[in-house]
Amino acid sequence: MSITQILFWFLSVVALFSALMVISSKNPIYSVLWLIVTFFSISGHYILLNAQFLAIVNIIVYAGAIMVLFLFVIMLMNLNKETEPPKNRWLKMAGAVAGGCLLLVLVAALKDTDIKQQHALVNEGNIGLIKNLGKELFTTYVVPFEISSILFLSAMVGAVVIGKKE
Amino acid sequence: MNVLIISAVLGVVMMFSSFLLKQNSTIRNLAIAGIGLLFVVNALEIGGTVFFKVNVHGMILFDRFALLFNAIALLSTFLYLVLSARDMEKVGVNYAEYFALIFFILCGITLVSSFKSFLILFLGIEIITIPLYILTGSDKRNLKSNEASLKYFLLGTFSTGLMLMGIALLYGARGTFSTTFVDVIEVKPSPLLVTGMILLLFSMSFKVSAAPFHFWTPDVYDGAPTVFTSFMATIVKAAVFIAFIRLFDDSFEKLQPQWRLLIGIITAATLFIGNITAVFQQSVKRMLAYSSIAQAGFMMMAVFAMNNDAKEGLLIYTAAYSFATIGIFAVLAKMPDYTFDGFNGLSRKQPLVAGTLTIFLLSLAGIPLTAGFLAKFYMLKAAMATPGSLWLVIFAVLMAAVSVYYYFRIIQAMYFKEGDASLITVSMVFKQTLVLLTILIVLLGIFPNLLLTWYYF
Amino acid sequence: MQNALQIVYLIPLLPFIGFLINGLGRNHLSKSMISLVGCGTIFASLVLSVWAFIQVKNGNAGTVTYFNFISVGDLTIPFAFQVDQLSAIFLLIITGVGFLIHVYSTAYMHSENSPHFGRYFSFLNLFVFSMLLLVMGANYVIMFIGWEGVGLCSYLLIGYWFRKQEYNQAANKAFVMNRIGDLAFLIAIFWIISRVGGVNFADVFAVAKGEVLHRGFSETDITVVTLLLFIGATGKSAQIPLYTWLPDAMAGPTPVSALIHAATMVTAGIYMIARSNILYSMSPVAMNVVAIVGLATALLAATIALKQNDIKKVLAYSTVSQLGFMFLALGTGAYVAAVFHVMTHAFFKALLFLGSGSVIHAMGGEQDIRNMGGLSRKLKITYITFLVGCIAIAGIPPLSGFFSKDAILLSAFTHNKIMYGIALFTAMLTAFYMFRLLFLTFSGKFRGSQEQEHHLHESPAAMTIPLIILAVLSIIGGFVGIPEIFVHGGDKLTAFLSPVIPQQPAHIVSHSTEYFLMALSTGLMIAMIIFAWIKFRNYRRSEAAGFGKVLENKWYVDELFEKIIVQPLHKLGGFLKSTIENSVIDGLVNGVGKVVNYGSRQFRLLQSGQVGNYVLLMVASMVLIFAIQFFLRK
Amino acid sequence: MIPVLLILIPLLTGLVTFFIKDEKMARAWSLITSVGTLAVSVAGITVFKDPGNLQRQYEWMQQLGSSFSVKIDGMGQVLCLLTAIAYPLIFIGTWKTQYKKAGNFFALMLLAQAGLMGVFVAMDALLFYFFWELALIPMYFLCSQWGGEKRIRVTFKFFIYTFLGSVLMLIGIIYLQSQTPDHSFSIKSFYELELSNETQSWIFWLFFVAFAIKMPVFPFHTWQPDTYEQSPTATTMVLSGIMVKMGLLGVLRWLFPVLPAAAYGWGNVVMTLSVAGIVYASLIAIRQDDIKRLVAYSSIAHIGLMCAAIFSENKSGMQGVMLQMFNHGINIIGLWIIVEIIERRFGTRKMSELGGLAQKAPAMAVFFVIIALANIALPLTNAFPGEFLMFNGILNSRSSFYLLFTIFAGLGIILGAVYTLNMIRKIFYGEVNAVTGAAMDLQWNEKIALGIIVALIFCIGVYPQVLLNMTDEISQAIINKRHVLEAISK
Amino acid sequence: MPINYYIFLSIALFAIGIVGVLTRRNAIIIFMCIELMLNAVNLLLVAFSKMHHLNNAVADVTAGTDGQLFVFFIMVVAAAEVSVGLAIIVMMYRNIHSVDVNFLNRLKH
């Protein structure tokens with residue numbers, strides 16, 4: 001087993017475990033922290049796939065900015081205690097079963113996919129470098145890029161409309 | 001392209017107008033004029049005049065279908081604003097921002113009606129939905145509005161997740177985000193492809209509120225401020241339908257054997273849930289929410305059939321449905337009481353309004369000589385052309401008969417029951433616009449070619 | 001000479017005009033004017049009928065077609081009249097007796113006020129019109145028009161005093177029972193159309209006789225058609241089982257009973273069968289049925305008449321019985337005898353009814369013979385004419401009834417001895433109950449109230465003159481059909497009718513037998529009359545018991561019909577109305593609505609308001625759809 | 001031009017009537033226009049009877065394969081004439097009835113007339129469907145707004161029921177259109193269709209249910225008595241006199257020639273239903289106390305007979321039906337006029353509460369008796385030739401149960417006599433009571449309307465050929481269509 | 001690495017996200033679970049991107065870039081969503097002092 005493979009398995013196990021912890025932690029703060037761990041492990045995967053730009057953005061934007069925002073809101077609301085009353089157990093079970101079934105169905109559907117023999121290029125390939133992505137982004141993808149600015153404008157207006165005290 | 005850019009600009013203009021203009025009426029008139037402008041530039045684009053030459057790298061295509069739909073959507077929005085813009089004042093203080101958001105949504109509508117890439121589809125849908133979350137929750141101190149907003153948000157992002165997973169799987173199977181589908185389909189298509197398609201089907205069904213992904217609809221439509229429900233339920237929904245049919249037409253036409261049955265089931269379920277559940281509603285607004293699900297079921301038949309009739313029909317359907325529903329919501333927004341009993345005796349107090357409302361309801365119910373009939377007719381005709389679809393067609397008309405039940409309850413209340421319902425305030429313009437809508441519906445019902453010639457132009 | 005006959009349309013038209021004038025002008029015309037119009041039009045018809053009769057006698061019989069009543073595809077039903085020997089005789093009977101009764105009515109109905117008087121006469125005229133249509137029609141459809149028309153007039157006239165609901169009930173009963181027969185008649189017509197392609201008598205008979213080659217009329221067809229026609233006849237002519245309406249029909253004014261329910265309408269069945277004699281002769285089965293039903297009716301009605309106490313009811317049952325005799329004649333192939341009896345019966349039964357009318361008139365509306373008695377002193381003319389009628393009906397020579405009844409009995413004798421025996425017994429009963437009636441009414445002591453006794457008087461001339469004329473006719477009417485053994489060529493009627501009713505094979509009865517039979521019947525009748533004299537000379541009121549009670553209650557036939565037909569239908573209707581209609585059929589329809597409503601209430605609960613549930617349902621359906629897509633549909 | 005005029009006159013004048021506020025004006029105006037329509041209709045039969053005047057085709061919705069194609073054939077002539085005659089009669093007969101918002105009432109009545117005319121002349125399936133619904137909507141409003149106590153629920157049921165039927169028919173129409181080679185809705189293309197027996201078999205029911213509900217044929221009839229009872233009588237007249245003919249016309253024009261094999265195959269079933277309906281409705285009618293309901297059930301029985309006669313598939317039956325369509329309309333309108341008078345004068349429709357009217361209102365009694373007797377097909381009234389031909393048709397039908405059908409249908413004749421005479425007896429005969437004591441006889445307007453009806457009854461009764469000649473060709477054509485197909489299949 | 005591994009890893013993460021949405025009541029945590037789903041998608045896209053790059057690099061040097069750019073756009077949109085979403089949650093909290101979705105039950109049936 002090469003180091004890449006070891007890393008892959010390690011990161012995968014961490015991602016899955018931390019994801020499970022996200023949904024099972026009683027305390028919202030822990031959930032947030034576990035989610036950050038998940039993001040970090042996913043970023044690790046990105047680095048493994050030589051997608052450095054995304055790895056960095058993931059950490060900066062997601063693990064950094066967004067999760068801090070979450071933490072901030074949770075703190076603001078004083079939800080850092082284990083306040084969540086137990087949900088109806090049957091409903092919880094049903095939810096878990098349904099999600100599990102979906103997983104099963106998807107796995108069953110995709111296990112025989114025609115591209116299962118193919119490989120993802122690991123550690124190599126430079127398309128994930130900031131230079132190459134940037135070039136593409138500002139040439140071919142400039143229109144979507146501009147469009148996303150409209151999205152941001154509307155989100156901004158929205159946040160103001162919603163957040164502003166009357 | 002004209003509309004996309006100018007409406008984005010207008011959105012920004014409206015943003016600034018909130019602190020540059022003091023008078024609400026000025027803002028309103030500016031917005032209405034803006035929509036008028038958009039309609040004109042769209043018409044120019046249909047005529048071949050494009051102001052902005054942008055290299056979109058094949059990601060967007062403003063074909064006739066898209067432009068014609070844009071025209072319908074813009075006309076609807078125009079009428080909608082003329083009828084209901086005044087009512088937005090009641091919602092909250094951010095009057096100009098609402099218009100800004102509507103303009104941004106129009107951007108999204110332009111995108112989803114003309115996308116050629118999943119990326120644009122994704123962005124377009126997000127541009128539509130994010131402002132909608134806000135508009136839904138814009139009545140900030142109203143708990144129902146809050147609740148609707150949060151429900152909409154949670155379920156909406158959830159469905160976005162599904163859509164993205166679908167897009168990712170499709171990308172895996174095909175290596176591109178372009179919707180133009182050039183692959184040769186083997187006997188057994190790749191499971192990756194099929195799974196991705198189905199996930200997309202789910203998320204699109206969610207956006208158009210098709211069962212069993214409709215659950216958000218009644219609550220959100222009910223909770224949102226009525227003026228915005230009107231917009232959401234008509235123009236936005238129609239746009240997503242256009243996206244839906246476009247997506248499946250472009251990308252999955254060759255996968256028909258894979259999706260036809262599924263869409264058939266979803267269509268039938270939508271018709272069933274929408275119509276059956278609407279029967280027992282007490283609030284007209286909530287009934288209209290269910291009715292919009294039911295109408296979505298009919299529009300799903302266009303997706304199901306996916307032939308030329310279906311596309312033509314969907315255009316007529318969106319027009320017919322939007323016009324009628326906008327009219328009804330506009331009147332509803334003026335009612336002090338949203339229950340059916342609140343309409344009792346309206347015909348005596350406001351004969352004109354009641355008359356136009358009747359036409360709108362008849363159109364929704366699919367009575368001949370209204371656009372609604374022709375729309376349904378097209379749907380049935382399109383579906384009938386698909387082999388083995390008779391069960392769906394019969395089921396659809398049975399449900400159409402059920403729909404008569406709840407639409408006519410309003411007519412009964414207005415005409416045959418005693419009561420003294422009245423509107424809060426009705427301006428002359430309001431009435432004239434209602435009449436205009438009525439005329440449009442009837443004209444379209446008698447001469448559908450007025451619209452369709454533009455399609456074949 | 002078709003042209004000459006062309007104007008026969010006036011014969012029915014005149015009464016119809018009378019109907020219109022009296023009907024529309026009943027509020028404006030005076031009573032005398034109404035009488036004039038009513039009687040005048042009939043009289044004109046009578047004159048024309050006589051003229052037509054003479055034409056026919058001179059060999060001018062024929063058919064005149066006016067226009068096509070219905071013409072659809074191959075089927076053409078012309079509006080045509082046929083004036084031949086048979087219809088000519090009936091024309092005379094109808095217009096003649098009809099005229100007398102009209103005249104009689106002017107006096108009898110005089111107490112009615114003018115609008116009702118006008119109504120009465122218009123109905124009466126309409127009746128004559130319909131009856132004329134019936135006998136003049138050149139095809140079964142025109143006949144049927146008259147057939148239903150007379151039924152309608154009968155209905156209208158029975159219910160003439162419409163303020164009494166029981167009269168109206170009787171009228172309804174008459175109409176409905178007639179309709180049952182009419183339905184059979186109609187089906188017979190359709191059957192004929194399907195086999196013959198037309199309904200003209202001439203065409204039908206030609207096909208039946210095999211003169212038209214490309215059409216088929218099998219024996220079964222003929223039997224079916226004749227039986228159906230006979231069912232029609234049982235309705236109109238009050239035979240078993242459809243006879244019960246006729247006694248009830250006595251609710252109408254007495255002249256109506258005389259005209260419609262004795263002299264003319266009820267003989268329509270006889271006319272129809274006589275008209276169709278060619279068909280009947282080809283179906284022995286039908287003939288036997290006719291004979292048996294006729295005989296049974298004759299006997300049954302005669303037994304009932306024995307114990308009736310209402311003067312008109314006795315006459316009504318007597319009519320039913322006599323009609324039975326006529327059918328017996330038809331069934332045994334003696335069509336001419338039947339027609340002969342129709343004629344004589346018309347005379348003496350009209351006479352009897354009018355006489356009873358005179359009695360009732362005198363008694364101030366009293367009809368119960370137990371309350372009468374000894375009227376012969378006060379009502380001389382009535383008494384004498386009534387006596388003539390009784391003798392005639394009893395069949396004492398040389399009055400008319402003797403000849404016609406004798407012909408029938410003879411025919412029965414040649415046909416079947418048992419039938420003859422029963423028929424003779426029935427004839428004896430006839431003599432008995434008629435004289436019972438006569439004695440109870442006219443002899444003995446008056447048993448009514450003082451007031452009635454004081455009021456007793458002879459009727460006015462307008463009533464008595466018709467009585468006298470009819471009495472004369474009853475006496476001499478039989479001479480048109482004197483049996484061959486008395487006078488050679490005396491049976492003018494048979495000869496006259498021979499173009500319509502072909503000569504039957506000669507009787508195989510020796511002259512001595514024939515004489516013996518006549519003597520036997522005459523002797524028996526006289527014996528019965530004497531028996532009646534002894535029994536009822538001094539009548540004392542007593543309650544009927546045992547078998548007598550059964551007879552008094554008419555064998556409980558009405559009750560039986562009520563129990564087995566009317567009530568079950570009524571109950572069925574109620575059941576359908578309240579249970580099937582509301583619960584089952586409408587229940588199904590409404591049930592669909594209710595299911596939708598219920599479904600709505602239940603499916604609404606799916607919309608629980610909980611985001612968690614929504615997502616759960618969505619995920620579950622996703623799993624389901626994936627499962628369908630990947631695992632279930634292969 | 002005539003068919004277009006027949007649609008346009010009531011349509012446009014109807015729209016105008018909405019704006020007439022004065023009741024008397026609205027009344028007079030609608031009477032005048034309906035007389036105008038009558039004049040046009042009569043002109044179409046007598047003067048302008050060349051084909052050029054009787055048919056028209058305009059471009060309309062070409063892309064869908066539809067066109068505005070109208071034509072008056074023999075059946076159309078009879079039914080248009082019926083509609084045209086019926087309206088003035090209704091307006092005259094109900095001249096004294098007061099309506100709230102009379103303008104709207106008369107406007108809707110005229111719109112319904114336009115719809116009916118359209119149904120009778122449409123030669124394009126989509127157009128036919130349009131008018132089919134167009135006739136229904138005004139009726140719904142009329143019944144719901146001006147009807148009795150339970151009107152809303154009852155007419156709503158009526159509406160949904162008939163709507164359900166018509167949308168099923170719509171499916172059938174669309175399917176047939178998709179099968180035509182030129183993708184056209186025109187009746188010609190439909191007639192040229194040659195579908196397999198199985199296909200015909202199921203499409204048949206899509207159409208037939210729609211028509212059966214409209215007629216109505218047992219067991220699709222339950223909306224009818226309630227609706228007739230609750231509707232304002234003028235509307236009931238339109239419903240029962242004219243509207244039910246839509247169903248019959250549908251069968252004759254759109255079902256029979258288009259799906260001949262299915263019509264043959266299902267003939268026995270339909271005839272069984274129809275005949276069962278005759279007996280069923282008659283038995284129920286016997287037990288009715290409400291005059292309106294009684295007439296309603298009698299109408300079901302009559303329509304059952306007509307429906308059965310259609311499926312007898314022969315000329316006699318066809319002609320009988322066409323004749324009877326007219327007669328039934330005239331007669332039942334006559335009955336309703338009197339029922340309306342009774343209801344208005346005495347405030348009750350219960351026969352048990354009435355009685356003795358013949359003394360107080362002899363003219364009414366005379367008219368009623370004549371019309372009622374015509375209704376049970378007494379000879380020399382108009383219904384006799386019709387029923388005669390229909391019965392003849394049924395007895396001569398190909399069905400192996402022809403005799404059974406005839407006898408059971410014949411039971412209807414007898415039971416018809418029972419309930420009709422009972423009705424006459426209970427209403428008009430007997431002694432007057434508190435309710436009928438102060439009865440008033442007919443007024444001039446009622447006399448005019450009833451007089452015309454009675455005149456028609458006798459004229460057609462004596463000379464039915466005048467109508468039979470009109471429909472001769474068309475009924476032969478319908479039969480031929482069937483026979484030709486049979487020849488091909490052999 | 002075989003692409004299958006990535007597919008199953010992503011699906012697993014995605015499913016965990018869904019289960020989280022199904023089982024939790026706290027709106028913020030539900031939202032976080034949705035973010036987890038989005039990240040699963042991102043991972044899958046990047047993996048596919050590298051797979052396509054591997055397959056098509058000969059013909060097109062930039063093959064697979066689009067996948068990574070799509071991820072970028074998803075992140076952008078997610079950020080916008082978060083801002084709006086948290087604003088809505090805060091608004092909700094202001095009104096009912098809870099972020100429990102079970103309390104969202106005024107609108108039903």
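Values reported hereafter were calculated over all heavy atoms of this structure, with side chains retained and with hydrogens, waters and symmetry mates removed. Quick note on labels: first sequence line is chain A, next is B, and so on, each numbered from 1. The structure displayed is predicted, hence computed values, not measured ones.
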Check your understanding: Any side-chain heavy atom of A:L35 sitting closer than 4.5 Å to one from A:S18?
Key -> no

Check your understanding: Between A:T140 and chain E, which part of the residue has a heavy atom less than 4.5 Å away: side chain, backbone, both or neither?
Key -> neither

Study note, to complete from the structure: Turns out that what part of A:N58 lies under 4.5 Å from chain E's heavy atoms comes down to both

Practice item. Just jot down the side chain to side chain donor-acceptor pair (under 3.5 Å) partners of A:N50, sequence neighbours excluded, or say none. Key: A:Q52

Review point. What's the shortest heavy-atom distance between E:V76 and A:S148, and which atoms?
Key: CG1-CB, 4.3 Å

Revision key, fill the gap. Assert top hit (heavy-atom pairs under 4.5 Å, partner chain A, pool E:T62, E:I88, E:V84, E:L9) equals E:L9

Exercise for review: Determine the interplanar angle of the E:F31 and A:F70 rings, folded into 0 to 90°, and report it as parallel if under 30°, tilted if 30 to 60°, perpendicular if over 60°.
Suggested key: tilted

Review point. Does a side-chain heavy-atom distance below 4.5 Å link A:S25 with A:N27?
Key: no

Study note, to complete from the structure: Cut-off 4.5 Å, heavy atoms of chain A, and the answer for E:D66 is both

Check your understanding: Between A:M67 and chain E, which part of the residue has a heavy atom less than 4.5 Å away: side chain, backbone, both or neither?
Key -> side chain

Check your understanding: Which bit of A:W9 comes within less than 4.5 Å of chain E, counting heavy atoms only: side chain, backbone, both or neither?
Key -> side chain

Practice item. Please say which of E:V101, E:L107, E:N102 ends up in a side-chain contact (heavy atoms from CB on, under 4.5 Å) with E:L104. Key: E:V101

Revision key, fill the gap. Okay, A:T38 and chain E: the region with an atom under 4.5 Å from a heavy atom over there is side chain

Check your understanding: What pairs meet the ring pair (Phe, Tyr, Trp, His ring centres under 6.0 Å) rule with one or both residues in residues 127-158 of chain A, with sequence neighbours excluded?
Key -> A:F138-A:F145

Practice item. For residues A:A55 and A:I47, report the shortest heavy-atom separation together with the two atoms involved. Key: CB-CG1, 3.6 Å

Practice item. Could you tell me which of E:A15, E:G67, E:P2 has the largest number of non-hydrogen atom pairs under 4.5 Å with chain A? Key: E:P2

Check your understanding: Are A:H119 and E:M51 side-chain neighbours, meaning at least one heavy-atom pair lies under 4.5 Å?
Key -> no

Exercise for review: Please flag which part of A:L102 lies under 4.5 Å from any non-hydrogen atom of chain E: side chain, backbone, both or neither.
Suggested key: side chain

Practice item. Could you tell me which portion of E:M1 (side chain, backbone, both or neither) has an atom closer than 4.5 angstrom to a non-hydrogen atom of chain A? Key: both

Practice item. Could you look at A:K111 and say if it's the side chain, the backbone, both or neither that has a heavy atom under 4.5 Å from chain E? Key: both

Review point. Looking at A:L76, A:I23, A:N132, which makes the most heavy-atom pairs under 4.5 Å with chain E?
Key: A:I23

Practice item. Check the angle between the aromatic planes of E:Y6 and A:F8 and answer parallel, tilted or perpendicular using the 30° and 60° thresholds. Key: perpendicular

**Study point:** Proximity breakdown for E:L13 and chain A, heavy-atom pairs closer than 4.5 Å
**Key:** both

Study note, to complete from the structure: Ranked by heavy-atom pairs below 4.5 Å to chain E, first place among A:A120, A:A155, A:P144 goes to A:A120

Check your understanding: Considering only heavy atoms, which portion of E:L45 lies under 4.5 Å from any heavy atom of chain A: side chain, backbone, both, or neither?
Key -> neither

Check your understanding: So which of A:A19, A:A159, A:G99 has the largest heavy-atom pair count under 4.5 angstrom toward chain E?
Key -> A:A19

Check your understanding: E:S49 versus chain A, heavy atoms under 4.5 Å apart: side chain, backbone, both or neither?
Key -> both

Exercise for review: Specify the closest pair of heavy atoms between A:P28 and A:I74, including all atoms of both residues, with the distance to one decimal.
Suggested key: CB-CD1, 4.0 Å

Review point. For chain A, which of E:I18, E:L69, E:N39 has the most heavy-atom pairs under 4.5 Å?
Key: E:N39

Review point. Is A:F17 close to A:L20 at the side-chain level, that is, under 4.5 Å between some pair of heavy atoms?
Key: no

Point to revise | Residue, of A:V107, A:L54, A:V122, A:I42, that accumulates the most heavy atom pairs under 4.5 Å with chain E | key: A:L54

Check your understanding: Under a 4.5 Å heavy-atom cut-off, does chain A meet the side chain of E:F72, its backbone, both or neither?
Key -> both

Revision key, fill the gap. Whatever's closer than 4.5 Å to a heavy atom in chain E on A:L49 counts as both

Practice item. For residues A:L33 and A:M21, determine if any side-chain heavy atom of one lies less than 4.5 Å from a side-chain heavy atom of the other. Key: no

Study note, to complete from the structure: Closest non-hydrogen contact found for E:I28 with E:I89 is CG1-CG2, 3.9 Å

Practice item. Considering only heavy atoms and a distance below 4.5 Å, find which of E:I30, E:V46, E:I7, E:V77 pairs most often with chain A. Key: E:V46

Practice item. Indicate yes or no: at least one non-hydrogen side-chain atom of E:Q68 is less than 4.5 angstrom from one of E:K50. Key: yes

Revision key, fill the gap. Highest number of heavy-atom pairs under 4.5 Å with chain E among A:V61, A:V32, A:V57 belongs to A:V32

Review point. Top residue by heavy-atom pair count (under 4.5 Å) with chain E, among A:L151, A:L133, A:L106?
Key: A:L133

**Study point:** Interface moiety of E:A63 toward chain A, non-hydrogen atoms closer than 4.5 Å
**Key:** backbone

